[in-house]
Amino acid sequence: DFTRFSYNIGGNLAATAPGAYSQADRTVIKGAMALPQITPGYYITPKVSFQSNTYNVTPYNPVGAPAAQGFTIPTFSLDSGLAFERDAAELKGFYGRDMLLTMEPRAFYVYTPFESQAQTPLFDTADAGFGVSQIFSENTFVGNDRVADNNKVTFGITSRVLDADTGIERLRGVLAQRVDLEGQRVTLTTQPQQKRSDLLAGLSTRLIGNFNLDGLVQYNDQISKLVQQSVTASYRPEMRKLLNLSYKRTK
């Protein structure tokens with residue numbers, strides 16, 4: 001990926017995103033290799049990857065301007081899970097047909113060594129937020145200017161109710177939490193990083209036809225409060241047509 005950033009500073013240095021630069025060229029190279037082992041009852045996927053950034057910058061004020069730091073940072077991750085399944089005869093009376101119930105524990109480990117990025121420009125990068133997809137990701141940032149140092153493991157469990165004849169998912173519940181074994185040092189804020197993330201709980205159901213309802217809550221056990229709640233209703237009347245209605249509350 002090659003990107004050229006250019007800023008019309010016009011004397012207002014504080015208003016620009018990277019601050020000290022009026023123009024910059026950024027080259028990003030990423031690579032990865034994984035070896036997934038997948039069976040009906042379990043899976044395990046070791047993966048090695050890297051990201052390499054180089055910058056060619058034009059300082060707005062050359063006197064005392066910081067040099068732009070590039071980096072090459074490797075990452076190792078290991079994703080694994082089990083799948084247990086049984087006939088859910090107790091649900092036949094509710095759904096009116098044969099159903100299956102699954103229990104799927106998952107463990108995800110990621111290690112990225114620390115490398116200071118204090119002199120790396122910040123053009124298009126932000127925190128990735130917090131959700132089910134982010135808690136099982138290798139980098140806590142979106143964008144290409146930061147790579148988080150990691151020594152983290154995420155534990156999760158998913159349970160599904162499936163139609164035994166068609167395989168359609170009627171209900172899904174998810175519970176997940178991440179544990180930071182060392183403490184992340186590459187951040188975009190000065191707020192202290194928690195060793196144990198908030199607890200995520202999600203519930204998704206297919207009610208009638210093509211109507212889905214999804215809910216997600218984020219619980220902070222240190223203050224014993226729900227810090228985020230969201231509900232999304234989706235309706236897909238036909239192919240290429242989708243209507244979403246979402247409500248989110250954050251404290």
Side-chain angles (χ1 to χ4, degrees), residues 1-3 5 17-21 24-36 44-55 57 66-81 106-156 174-200 202 216 218-222 227-228 230 250:
D1 176 87
F2 175 80
T3 308
F5 299 92
Y21 312 108
D25 296 335
R26 183 187 68 193
T27 303
V28 180
I29 299 174
K30 297 181 181 181
M33 182 173 63
L35 185 64
I44 182 168
T45 304
K47 178 182 176 182
V48 291
S49 59
F50 75 93
Q51 178 173 328
S52 181
N53 284 27
T54 58
Y55 296 87
V57 301
Q69 174 197 38
F71 55 77
T72 298
I73 300 177
T75 294
F76 169 77
S77 66
L78 184 65
D79 196 3
S80 61
R106 180 183 180 184
F108 177 79
Y109 174 74
V110 58
Y111 176 77
T112 304
F114 169 75
E115 182 170 332
S116 175
Q117 295 155 58
Q119 299 301 324
T120 301
L122 190 62
F123 294 112
D124 61 357
T125 300
D127 285 311
F130 194 66
V132 175
S133 59
Q134 289 82 14
I135 202 172
F136 287 101
S137 66
E138 295 164 341
N139 195 5
T140 59
F141 304 114
V142 290
N144 286 320
D145 291 315
R146 292 291 184 274
V147 175
D149 56 308
N150 287 311
N151 188 9
K152 302 172 183 174
V153 58
T154 302
F155 299 100
V174 179
L175 196 65
Q177 189 172 42
R178 183 175 59 212
V179 178
D180 193 338
L181 302 178
E182 290 186 357
Q184 183 177 320
R185 288 185 281 174
V186 178
T187 64
L188 298 180
T189 67
T190 58
Q191 296 180 353
Q193 300 294 304
Q194 299 179 2
K195 289 296 185 76
R196 191 172 64 246
S197 76
D198 293 344
L199 185 67
L200 285 178
L216 182 69
Q218 178 181 336
Y219 178 76
N220 188 312
D221 56 5
Q222 296 187 17
V227 296
Q228 182 174 288
S230 64
T250 304

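If you're wondering where the values come from, they're calculated on a predicted model, not measured in any experiment.
Take Q134 and apply the side chain to side chain donor-acceptor pair (under 3.5 Å) test, not counting sequence neighbours, and it matches no residue. Residues passing the ring pair (Phe, Tyr, Trp, His ring centres under 6.0 Å) test with F141, sequence neighbours excluded: none. Here S80 pairs with I44, A107 under the side-chain contact (heavy atoms from CB on, under 4.5 Å) rule; sequence neighbours left out. Taking the salt bridge (charged side-chain N to carboxylate O under 4.0 Å, His left out) definition, one finds that R106 meets it with D79, sequence neighbours left out. Legend: residues meeting side chain to side chain donor-acceptor pair (under 3.5 Å) with K195, ordered by chain and number and at least two apart, are absent. Judged as a salt bridge (charged side-chain N to carboxylate O under 4.0 Å, His left out), and not counting sequence neighbours, the contacts of D124 are R26. Among residues two or more places apart in sequence or in another chain, the side chain to side chain donor-acceptor pair (under 3.5 Å) test is passed with Y55 by N53, D145. Looking at residues two or more places apart in sequence or on another chain, you find no salt bridge (charged side-chain N to carboxylate O under 4.0 Å, His left out) involving D127. Applying the side-chain contact (heavy atoms from CB on, under 4.5 Å) rule to A32 yields the partners K47, S49; only residues at least two apart in sequence or on another chain are considered. Here T250 pairs with Q228, K248 under the side-chain contact (heavy atoms from CB on, under 4.5 Å) rule; sequence neighbours left out. Taking D149 as the reference, nothing meets the salt bridge (charged side-chain N to carboxylate O under 4.0 Å, His left out) condition, with sequence neighbours excluded. With sequence neighbours excluded, the residues forming a side-chain contact (heavy atoms from CB on, under 4.5 Å) with V174 are V132, T158, R172, listed by chain and number.
At a cut-off of 3.5 Å, with distance as the only test, a side-chain donor of S77 or E138 sits close to an acceptor on the other residue.
For Y111 and F76, the distance between ring centers is not under 6.0 angstrom.
A salt bridge between R178 and D198 is absent, with no side-chain N of the basic residue lying under 4.0 Å from a carboxylate O of the acidic one.
Distance CG/L122 to CG/L188: 6.0 Å, rounded to 0.5 Å.
Heavy-atom neighbours of L78 CG from other residues, nucleotides or ligands within 6.0 Å: above the threshold of 12.
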